[in-house]
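Quick notes on the structure that follows.
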Amino acid sequence: MSATELHISHAPAATRQGLAARIWKSRIDYLFLVPGLLIFGAFIVWPLIASEYYSLLTWTGFGAAKKFVGLQNYRELLQDEFFLNAFKRSFLFTLATVPLQMFISLVFAILLNNKLLKLSTLFRTMIFLPVVTPVAVIAIVIALMLSPFNGPINGLLLDAGLFERAVDFLGSPQLVLWTLAGVFVWKWTGVTLIYWLAALQTVPDELYEAAKLDGVRTWQVTVFVVLPIIAPFAVVIGLISAIAALNVFPLIQSTTQGGPFFASEVMEVFIFRIAFAPSGGMVPQLGYASAAGVLFGLAVMILTIFQIVAVRRARRKDPANG
Amino acid sequence: MSIRRIDGLSRRAFLASSSAFALAALAGRSLAQEVKNIDPSLAEKIPIADPSLDLPPADGPFRWLDSGGQKGVFYRQFFPKYAEARGIEVVYDGLPWNEIATVLPLGIRNGSAPDAFNLPNGMPPAVAVAEGWVQPLDELIPDFEAWKAGFPAGSFVEGVNVIEGKTYGLPYTSERRCSSLLLFNRKAMELTEFDPGPDSPLTWDQFRKAAAQITENSGGSMFGLIMGGNQGNRWSANLVQLANRAGAACASSVAGCLTGVDYRTGEIVIDSDEFVQAMELLLAIRDDGSMFPGIMSLNAPQARAFVEQGGAGMILQGPWNVPIWEANNPDFDFGFTATPAPEGKDGKTIVDALPSAANTMYVNAAAKNPAYAADVFHYMGTLEGQVAWGNVVGPSDPPIFPKAAEEAEMSERSKAVIALQEKQVRVSPVVYARSPGFTKVAQLYEEPTPNLANVVQGLYTGQLSGVKENLSKLKGAMNAALDKAIADANAEGANVRREDLVYSDWDPSVDYAS
């Protein structure tokens with residue numbers, strides 16, 4: 001037996017032994033991981049596995065009568081116009097909100113990051129206030145503000161002569177999704193602002209000073225110095241914002257419940273409607289709803305993978321990473 | 001190690017004190033809410049009877065779960081007095097239906113479900129029995145047969161609250177309600193040429209004209225009609241009951257599979273002339289500009305509030321508005337009348353059973369305190385309990401004993417509403433009574449999407465066009481779903497036929513009493 005053969009044949013065993021020994025040696029550390037792993041398993045892994053299992057059943061969610069139907073729920077979903085429309089709306093909503101939210105919050109972040117700006121803390125608080133306001137409260141306030149009967153926004157539009165009749169922002173099938181997108185952006189811009197402000201902290205002060213010494217104007221510093229440095233963060237912020245925009249259930253459920261006539265029904269509202277059948281007379285279909293959830297989850301996962309790839313590419317292009 | 005102090009207080013002590021303070025504040029708030037919820041003027045209208053049976057010591061708190069609303073108004077007054085009289089602790093939860101649908105199955109599974117509860121909305125009682133959720137009342141309630149005999153005819157129906165000869169559900173409130181009464185602000189109605197009342201309902205033409213006149217003559221400060229448009233059930237209820245007044249003999253059923261079925265023929269009639277014309281009436285009111293703007297983003301309680309505030313003159317809603325308006329705004333001058341009917345027609349409003357399915361209470365099969373559940377059930381099935389119920393709840397959920405409705409303390413207007421409904425609402429045949437296998441059909445029926453409420457909403461918003469076409473399309477989908485549910489139920493041994501829905505001897509102008 002050659003020395004090389006000896007090395008190859010013994011190496012894996014040695015590694016295994018080493019790993020086990022290392023785990024045993026750090027057993028107290030691993031013990032501390034157990035609660036976290038249990039919680040992760042119970043609240044993340046198990047629901048994922050369970051929903052995939054339920055998606056193969058015809059089951060109301062209560063009662064013992066479960067029937068295994070294989071992929072039938074998936075086949076029916078792909079022909080269900082309400083599912084396809086809700087799916088499309090979810091991504092339309094995301095496409096409408098994320099770029100707008102990122103742009104507005106970036107502008108605010110750049111303005112508020114200026115150390116010469118007075119009252120920046122007050123402005124940050126004001127922008128962040130909707131974030132900490134409960135969605136249910138926002139739903140009530142928005143309904144009052146946008147009311148076509150006596151809402152102040154319609155009052156302003158009519159007084160300004162922009163419209164002849166009051167606009168039914170939440171009741172018009174053509175406007176409702178875009179109205180909710182606007183409310184969503186208003187509510188969550190504060191969070192994206194925090195991300196951008198954090199990103200701006202990574203821009204070295206020396207660069208600002210050097211630019212100032214060179215006599216570069218503020219907008220030129222922003223465009224040619226700051227933005228290229230924080231650009232890689234955009235992918236991560238975009239990903240987080242996109243996932244938030246896809247999880248818009250509380251806002252829509254508390255304002256329109258997906259109406260009128262499904263015009264604002266996004267995927268989560270669709271899943272809720274099918275799974276819990278909140279309107280009388282409908283029978284809950286947990287299996288069907290689970291299948292919809294699995295398909296939607298897959299779509300979000302694919303989106304995430306695309307964005308991870310984009311992050312890596314951005315990092316490779318980032319001059320700071322060589 | 002240095003300890004940072006805040007005005008002489010250690011950080012640990014500060015945190016501990018803060019936590020204790022927060023807990024105390026929460027507990028205090030909760031206690032305050034409980035105290036605030038007890039209204040002595042209501043509580044005194046609820047006498048507590050002596051125990052109806054020998055009560056064992058309670059095993060933990062006696063727990064009661066229902067869907068709240070007006071029921072909660074009663075039980076928040078009743079249970080503190082009951083708990084004091086029996087020397088036990090009572091926990092009352094009034095939850096929205098969607099939460100009951102989530103909480104109750106979980107509670108049944110893990111053994112923490114309350115002693116008495118409402119079933120999730122739309123869940124056939126036969127399923128709860130088959131799943132072992134509930135227990136029969138026959139052995140629980142003392143002197144059961146005599147107690148049961150005190151209820152009016154039609155209160156206990158096989159397949160509704162009686163399964164295979166055993167009684168499971170307490171039917172203590174009546175479904176003899178019209179959820180689309182025409183309620184109106186009298187000042188608004190003075191702007192019109194009409195003077196409707198309990199004995200003088202409006203015709204459809206008058207209704208439309210009144211809505212237009214209110215809108216026009218109020219100078220734009222008020223609209224003729226309002227509805228809770230983002231609440232689907234309001235659309236289906238209003239359409240069905242307008243069509244009922246035109247002569248369509250069918251109900252908007254809790255079990256979706258029976259909505260729109262005319263039992264004289266066993267056919268679904270939602271695309272009949274009566275339905276089409278009722279829908280066209282709603283569209284005409286919209287096109288006249290008489291409908292309150294933005295109804296698609298209003299729910300029923302919001303719509304109700306706009307009538308009280310003077311934003312809208314009329315609303316099609318149920319009798320529960322009456323005690324709410326009387327309590328919230330005693331100065332609000334409002335009237336009511338039956339749902340408008342076409343000229344020369346006086347069709348009856350149809351309901352599919354006398355007991356209110358939504359209010360029927362059940363005893364948990366694994367109840368820790370079944371004797372206390374039986375004691376309360378017994379009380380609610382006596383004239384004394386029924387009168388107490390009527391005293392507090394009024395016409396919202398009328399007591400199922402007509403005598404209790406007469407004797408209860410309530411406003412003249414409330415009594416007049418109940419009297420109108422006694423005259424106006426009729427009970428259809430109950431298919432489960434003749435063909436118990438239909439409970440399986442109800443369980444397996446998959447309601448088409450869009451359903452009736454959705455289609456009416458879609459037609460109103462203009463997302464769907466063609467009234468007759470869309471109602472016929474829905475009828476086709478409902479027929480297909482019903483036939484499939486019947487086939488599936490038969491495959492599971494239900495032994496039912498579509499012909500079981502035919503009651504050729506039914507006269508919709510009287511209760512079906514067979």
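- Contacts between B:L464 and chain A at a heavy-atom distance below 4.5 Å involve the side chain alone, from C-beta outward.
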Using residues 129-152 of chain A as the side-chain source, report each donor-acceptor pair under 3.5 Å to any protein atom, sequence neighbours left out, with the distance given to one decimal.
| residue | atom | partner | partner atom | Å |
| --- | --- | --- | --- | --- |
| A:T133 | OG1 | A:L129 | O | 2.8 |
| A:S147 | OG | A:F149 | N | 3.0 |
| A:S147 | OG | A:N150 | N | 3.4 |
| A:S147 | OG | A:N150 | OD1 | 3.4 |

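- Proximity to chain A is absent for every atom of B:Y460, based on heavy atoms less than 4.5 angstrom apart.
- There is no contact between B:N233 and chain A, counting heavy-atom distances below 4.5 Å.
- At least one donor-acceptor pair under 3.5 Å links the side chain of B:Q463 to the backbone N or O of A:P260.
- In plain terms, the two heavy atoms of B:T461 and A:P173 that are nearest each other are CB-CG, 4.0 Å.
- Of the atoms belonging to A:S172, not a single heavy atom falls under 4.5 Å from chain B.
- Contact of the A:F169 side chain with the B:S297 side chain is not registered, since no non-hydrogen atoms from C-beta on lie closer than 4.5 Å.
- B:T449 pairs in a side-chain contact (heavy atoms from CB on, under 4.5 Å) with only one of the listed residues (A:F83, A:F82, A:F270), which is A:F82.
- Looking at B:V455, the atoms closer than 4.5 Å to chain A (heavy atoms on both sides) all sit in the backbone: N, CA, C or O.
- Remark: A:E268 pairs with no residue by the side-chain hydrogen bond (donor to acceptor under 3.5 Å, both in side chains) rule, at least two apart or across chains.
- Summarising the geometry of A:T255 relative to B:N230, their closest heavy-atom pair is O-ND2, 3.7 Å, with the distance given to 0.1 Å.
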